[in-house]
Q: 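Below is a structure I'd like to ask you about.
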Amino acid sequence: MSYYGGFLLSLLGIIVLWYLAAHWVDDTFKFPMIEKILGKMGYALGDLYVWRSIAITMRRVTVGVFWGAVIGFPLGVAMGFSKLIMYTIAPFINSLRQIPTMSWVPLAVVWFGLGDGPTIFIIAIQATFNVLLATVSSVQEISPDYYHAVRSMGARGFAPITDVVFPSSMAGLITGLRVSIGSAWGAVV
């Protein structure tokens, strides 16, 4: 059975179990009926207000993760490549990273007012740390043999960074973006 077949089978199993349990309890306040939930979901998907709200949320998540990547990726590359930069910036980054997400909300509202600004800021903060940490890790895992190989071929100046570090750090960027998109849905509220 394929992945999707298993997914559909488990989804169908959950729906059947929910249907049986809801009808066994027979109290919609404690356990709502699945057919009523599916009906309301169908009605909501036909409402343009719901689609507008989804579009606004998607824009907030996309913009926040974008700015997190724009800030976190270069910092992560620099910190992973240079021990001096790592030792200089890491204490500051680690201190900021320990601040709970909800603690940023009052400051974000004061700084950006009401609307999209605070939400995008909170998502960008989370995304910055996720992308930064994944990028630092991927850059530090580059084998020294790659640097030796590119230098033995005559690379000087920034060539090792452009020829070795940036391509190798893409895996960290993608991992950081995946984690950031997941955590952004929790912060968007």
Q: Could you report the tightest heavy-atom contact between G68 and A127, atom names first, then the distance?
A: CA-CB, 3.8 Å
Q: I'd like to know if the side chain of S103 and the backbone of I99 have a donor-acceptor N/O pair within less than 3.5 Å.
A: no
Q: Would you say OH of Y146 has more than 12 non-hydrogen atoms from neighbouring residues, nucleotides or ligands within 6.0 angstrom?
A: no
Q: Specify the closest pair of heavy atoms between V70 and P74, including all atoms of both residues, with the distance to one decimal.
A: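 Closest approach of V70 to P74: O-CD, 3.1 Å.
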Q: Tell me every residue that passes side-chain contact (heavy atoms from CB on, under 4.5 Å) with S169, counting only those two or more places apart in sequence or in another chain.
A: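 Checked S169 against side-chain contact (heavy atoms from CB on, under 4.5 Å); matches are F73, V77, T135, S138, V139, F166.
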Q: Kindly give the heavy-atom pair with the smallest separation between M86 and P91, and that separation in Å.
A: O-CD, 4.3 Å
Q: Can you find a heavy atom in the side chain of I125 that is under 4.5 Å from one in the side chain of T101?
A: no
Q: Are W67 and F121 close enough that their ring centres sit under 6.0 Å apart?
A: no
Q: Is S10 reaching over with its side chain to a backbone N or O of F7, donor-acceptor style, under 3.5 angstrom?
A: yes
Q: May I ask you to test the E35-K40 pair for a side-chain heavy-atom distance under 4.5 Å?
A: no
Q: Taking all heavy atoms of L177 and all of A69, pick out the closest pair and write down the distance.
A: CD2-CB, 3.8 Å
Q: Looking at M79, is its backbone amide N or carbonyl O close enough to the side chain of S82 to form a donor-acceptor pair, meaning the two atoms are under 3.5 Å apart?
A: no
Q: Got a donor-acceptor contact below 3.5 angstrom from the W18 side chain to the P32 backbone?
A: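 Flag set: sc W18 to bb P32 pair under 3.5 Å.
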Q: Answer yes or no: is there a side-chain heavy-atom contact under 4.5 Å between L75 and F129?
A: no
